[in-house]
Every structure is written in C-alpha cells, then in structure tokens.
Amino acid sequence: MNTRRRPQIVSRKQPQQARSTELVAAILEAATQVLAEEGAPRFTTARVAEKAGVSVGSLYQYFPNKASILFRLQVDEWTQTSRMLRSILEDASIPHLDRLRNLVHAFLRSECDEAEVRGALNDAAPLYRDSPEARKARADGDQMIDAFMREALPQASAATRKLAGDLVFTTLSAVGSSYSQTRRTKAEIKAYADAMADMFHAYLEGVQGASPRR
C-alpha cells in the first residue's frame, strides 16, 4: 500500500506588513516566470528564490514547498477566472447571447496569453484537484453557469439547461486549452472566437426553439 503523504499545499503564514506583502508578490511573480520558462517538471523553490532575488529561507517563511507555491498560483488563477466569468455573465445590461460572445472572446484571449503558465498548472493539478478550494471553485462556476442558462433558456427544463451548460462550457474549456497550445495572432483569436460564439448561439437558439412552452 502506498502511504506516502501528500505535500502541504497551504501557505505557512499570510503577510501582515507592506514589506512582507511585497516579498510574497515578488515570489509569486518569479514563480509565474519560472513556470512559464521551465514548466512544472523543472519548477523548484530554488529556481523561484533565485529569480525573485531572495533566499530560499525567506521563501520558506511563506511557502513550505513548491506544491504550496503552485497551489497559490492556481487559486489566484481560479479567482481571476471567476471574476471574469461573473463580470461578463451577470451583466444584465447586455443580451445574454452577446454576453456569451464576450465571454468566448475574453476566455480565448486569456487562454492564449497565459498558455505556458496554465499548461504547467494543469500538469501540477493532481497536487490540489481535490482540495476544498478546488471544490469551491467548481461549485462557484457551476452556480454562475446555471444562473446564466436559466436566463438564456427560460423555457427549457432544468435537465436541458444543465446539459446545455455542461456542453457549452466544457467545450469552451477544452477547445481553449487545445487552441492555445499554438501561438496565435490577435486576428486569428478573434476569428476563432467569433466562430465558436456563432456555434454556441446556434445551439442555444435551437434548444430554446425546441423547448416546450410552459
């Protein structure tokens, strides 16, 4: 039986003063650069400390190991993505299909801009995929998608809305991950995002038209 303990992924302490806050910010910025340049397999605390211009001992005051740094980067990425989703999907001043188009464009640009870091974080995902933070991020995303689908498909059943939400957002995530593996121009990203949005629009309009009137 494998009894090896999982590495600690929670930070040792939170910065309380401006100086320590700046130190943690420098460590995380350096970690992002190392991750993009080296990838998850060659990511080490020593490389991060060297890039940040701090001692390994200073780094260990806040992060006990490389897993805790990767986890913090992932939590920050979840937070950023959640804010983007919420700001776009909950903007009631914009028609829901236009919101979806805006989201596709923003998401695809983000995937392409941060492809190296996101790919490396995915490689490290087994370290924290079952953490409470990961479960909360998934739950928050599910709630936002469900709320949006209730608005986009008001006449559809709950099961149909769930299927539509899963299909649209799983497809967006999978295609974004695959598409961003190759360097793209802004024009290419825009054209691809427009094509994806058109596909999603046609699908949702078809589902809405097929839904029985209540």
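From a predicted model like this one, the values you see are computed outputs, not experimental measurements.
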Note: T45 and I69 closest approach over all heavy atoms is CG2-CD1, 4.2 Å
### Message
side-chain contact (heavy atoms from CB on, under 4.5 Å) for T160 and M149? Distances and angles first, verdict last.
### Response
CA-CA 9 Å; T160 297; M149 285 299 166; over 6 Å; no
Quiz item: Can you find a heavy atom in the side chain of Y62 that is under 4.5 Å from one in the side chain of L23?
Solution: yes
For A46 and V56, the nearest pair of non-hydrogen atoms, with its separation, is CA-CG2, 4.2 Å
Rounded to the nearest 0.5 angstrom, the CZ-CD distance for F71 and Q74 is 8.5 Å
Is it the case that Q181 and S177 place a side-chain donor and acceptor less than 3.5 Å from each other?
no
Applying side-chain contact (heavy atoms from CB on, under 4.5 Å) to T32 and not counting sequence neighbours gives L73, V117
pair F63-L28: side-chain heavy atoms closer than 4.5 Å = yes
The reported gap from OG in S157 to NZ in K162 (rounded to nearest 0.5 angstrom) is 12.0 Å
* Hey, any chance I189 and M199 share a hydrophobic cluster, counting ILVMFWY side chains that come within less than 4.5 Å of each other, even indirectly? -> yes
For residues 164-185, the ring pair (Phe, Tyr, Trp, His ring centres under 6.0 Å) pairs (sequence neighbours left out) are Y179-Y192
- prompt: Under a 4.5 Å cut-off applied to non-hydrogen side-chain atoms, are K190 and D194 in contact?
  reply: yes
Review point. With hydrophobic residues grouped by side-chain heavy-atom distances under 4.5 Å, do L167 and L89 end up in a single group?
Key: yes
Check your understanding: Salt bridge between R138 and D142, side-chain N to carboxylate O under 4.0 Å?
Key -> no
When rounded to the nearest 0.5 Å, the distance separating CD1 of I88 from CG of N102 is 6.0 Å
Contacts of T79 meeting side-chain contact (heavy atoms from CB on, under 4.5 Å) (sequence neighbours excluded), chain-then-number -> V75, R83
_Check ion pair E37-K51 (N to O, under 4.0 angstrom)_ = yes
d(Q33 CD, L35 CG) to nearest 0.5 Å is 11.0 Å
More than 12 heavy atoms of other residues, nucleotides or ligands under 6.0 Å from CD of E50: is that the case? no
Looking only at heavy atoms, the pair that brings L100 and F200 closest together is CD2-CB, 3.7 Å
Rounded to the nearest 0.5 angstrom, the CZ-CG distance for R99 and L85 is 13.0 Å
Heavy atoms of S180 and A115 approach each other most closely as O-CB, 3.3 Å
In terms of heavy-atom contacts, L204 and L153 come closest through O-CD2, 3.5 Å
D91 and S93 have their tightest heavy-atom pair at OD1-OG, 2.6 Å
What I'd like to find out is whether the side chain of S178 reaches to under 4.5 Å of the side chain of V175, using heavy atoms alone. no
Practice item. Measure the shortest side-chain to side-chain distance between V24 and R72 over non-hydrogen atoms and say whether it is less than 4.5 angstrom. Key: yes
Strictly below 4.0 Å, N to O, side chains only: are E188 and R184 in salt-bridge contact? no
TODO: Would you mind reporting whether V207 and R161 have side-chain heavy atoms less than 4.5 Å apart?
DONE: no
Exercise for the section: Would you kindly confirm whether M196 and I94 end up in one hydrophobic cluster when ILVMFWY residues are joined by side chain heavy atoms under 4.5 Å apart? Expected result: no
Margin query: Any heavy-atom pair between the side chains of P154 and Q208 that's under 4.5 Å?
Written below: yes
Check: Can you find a heavy atom in the side chain of L97 that is under 4.5 Å from one in the side chain of E205?
Finding: yes
Are F43 and Y60 in one and the same hydrophobic cluster, where Ile, Leu, Val, Met, Phe, Trp and Tyr link if side-chain heavy atoms are under 4.5 Å apart?
yes
Between the CG atom in L108 and the CG atom in D113, the distance rounded to the nearest 0.5 Å is 9.5 Å
Check your understanding: Is there a donor-acceptor pair closer than 3.5 Å between any side-chain N or O of S173 and the backbone N or O of T170?
Key -> no
